[in-house]
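What follows is a single structure, written as structure tokens, with notes after it.
Naming: A, B, ... by sequence-line order, numbering from 1 per chain. These values consider heavy atoms only, across backbone and side chains, with no hydrogens, waters or symmetry-generated copies.
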Amino acid sequence: MTTMLEAKGLGKTFATTLPKAGRLKAVRTLFSRDRKIVTAVNALDMHIEQGEFVGFIGPNGAGKSTTIKMLCGILHPSAGEVRICGLSPQRDRRRVARRIGVVFGQRSQLWWDLPLKDSFDILAAMFRLEAAAKERQLAKLEEVLQLRDFWDTPVRRLSLGQRMRGDLAAALLHDPELLVLDEPTIGMDAAAKRQIRDHLRLLNDQFGKTVLLTTHDMDDIETLCKRVIVISRGELLYDGGLEKLRERIGLPTTVRVTYAGDTALAPGMRIGDGLTAASEEICVESALGREAAVSFNRERIGVMEVLRLLSAWGDIADVHVEEPEFEEIVSRIY
Amino acid sequence: MNWLRISWLLYKINVRARMQYRVSFLLTTLLASVVTVAEFLGLAVVLHAFGAIRGWNVWEIGYLYGVLMTAKYLYRGVGSAVNNFEPYLVNGQLDQLLLRPMPLLLSVLTSRTRMVGGELLQSLTVLGVCLGKLLGDGTAGWSAIPLTLLIVCTGTVIMFAVGLATAAVGFWTTRTEDLSVLTDNASTTASQLPLSLFPDWLRTLLLTVVPFGFINYVPAMFIIRSEWGWWTIPATGAVAAMSLGAALALWRVGVRRYQSTGT
């Protein structure tokens, strides 16, 4: 196995000058000493082998995008260093650019006003691909991404899913070894998401691309990644198999019930009947008037069992089961 | 060179993308084609009324104007992206450019195109007419022609250097529009007239911090006025080279500080 990506003690702090308002604000901001230091990423280590499919997750503002941008050479780290295929993305930015393909879900690198195919012509020239090599690569990508249907459509008129396929193809045109994807399924409907996931799996399985994927979509992670790296507040929380993370987290679930009459439940109570140990883990999160919410680990106790226990506190009129957002769970656990 | 070919390709692509919005494209071109001449006619009318300003006649001032505007539009044609750099920092547009296997500055310059044919034609007309008149009068010798071409080039370099330095300051401040009003618009307007008209502090500023005085006034003092010696020409070249060097250095330091934007 060869190492594709390696980061050691990676850190990034931003010194933001508090902007001045009013006349000549740019000049005054420049000479202003009002600074705030924000640590976005702190002492992060990362090691990815060739052929891996790694999910990179964490709550909003955890430093995912900052990390990704340091890995790609867009930002310069304040501490530590990165190696992609043995090269520093900062010192050897242009050489690293040839070996990685990067897609930002929120931004397109395609030429907005021109037909999709034109973007490939430009990128091919930029990456100095011969015409034959470009055609070969496009034919290969066509198998996975099916672009021909909207080949001649100006990019601005493509659907979100089509545009993402275009962007993936653009990032893969120069046949990079490592693919870095920042929220590639953002804003898509379920069908488009599923399609993009299928494409990504193929790219990893059949083309042997190493993939680093950040996403807020837990389904993306579950269907694609064998390994996940979790960060929060710029620091590493977990790095390992998805299975193990799941074991640690369990299946946290919240049940909201509405009783026919006012309930005697109070926040912080445990509502077990003493017969099973697991029932002791049911915790009342909130209770007010006729409504109450309890949380528990669905891996250890079933919803029906919880409802049975809850019904001992009154007649249940309505029930609502919720699975909290993954990021929320992660940040709660750690 | 290969990068030149790719730059040309990107230039054509930008033009084609622009053409997608035909009406807007035509309007901009039409407007641009009258602005420069109209501006100079305004200046000429004022000059005509006064005859001359402190010993500078209409043709001499027209020469200063022509050199300045030709340099300005050559710079705008090449460095439109540098001239409007703020969005690259504010919207994080620079991210995408940093992912290209091209030298960053070249990526930036080729990411945006402004067609300046109309403006250039007008500036060159003003310059050509005024220089022709000065040659006819015998005020200037024939060597004025190659020297003028030379200072148009050094002038473009000075314009570009100041624009690049202004853009690079954006890596610290993010916002650069205010600063560019000072370094670009105000300085250009001031340099349309002979520096000798201005108070000392402004003259010093235009010869040091924003060395637009070296675009037209300093070399013109030799080329068409013969008041100063030949040394003005190498001095102009040296100022252009130093400005460019300093701006590139500032840019390089700035890129390391690029903060991008959150998502």
Where do [X] and [Y] come nearest, in terms of heavy atoms and distance?
{"X": "A:Ile122", "Y": "B:Leu9", "answer": "CA-CD2, 4.2 Å"}
{"X": "A:Ala125", "Y": "B:Ile6", "answer": "O-CD1, 3.2 Å"}
{"X": "A:Pro115", "Y": "B:Arg16", "answer": "CD-NH2, 4.2 Å"}
{"X": "A:Leu75", "Y": "B:Tyr258", "answer": "CD2-O, 2.9 Å"}
{"X": "A:Arg93", "Y": "B:Pro103", "answer": "NH2-C, 3.9 Å"}
{"X": "A:Trp111", "Y": "B:Arg100", "answer": "CZ2-NH2, 3.2 Å"}

- Heavy-atom contact with chain A under 4.5 Å, split by part of B:Leu10: side chain

- Message: Less than 4.5 Å apart, side chain to side chain, heavy atoms only: is that true for A:Lys69 and B:Leu98?
- Response: no

- Task: Using a 4.5 Å cut-off on heavy atoms from C-beta on, say whether the side chain of A:Arg128 contacts that of B:Asn2.
- Result: yes

- Task: For A:Arg156, look at atom CZ and say whether over 12 heavy atoms of other residues, nucleotides or ligands are found less than 6.0 Å away.
- Result: yes

- Around B:Arg203, counting heavy atoms of other residues, nucleotides and ligands shown, do more than 12 lie under 6.0 Å from its CZ? yes

- Message: For A:Ser108, which atoms come within 4.5 Å of any heavy atom of chain B: side chain, backbone, both, or neither?
- Response: backbone

- Message: As a quick check of understanding, evaluate side chain to side chain contact (heavy atoms under 4.5 Å, CB included) for A:Arg107 and B:Asp95, giving each step before the final call.
- Response: CA-CA 10 Å; A:Arg107 231 171 256 154; B:Asp95 288 10; 3.0 Å; yes

- Most contacts with chain B, counted as non-hydrogen pairs under 4.5 angstrom, among A:His174, A:Arg98, A:His76, A:Gln90: A:His76

- Item | Atom pair CD1 (A:Ile74) and CD (B:Gln96), whose distance is rounded to the nearest 0.5 Å | 7.0 Å

- Look up atom CE in A:Met126 and atom OG1 in B:Thr110, then write down how far apart they are to the nearest 0.5 Å. 6.5 Å

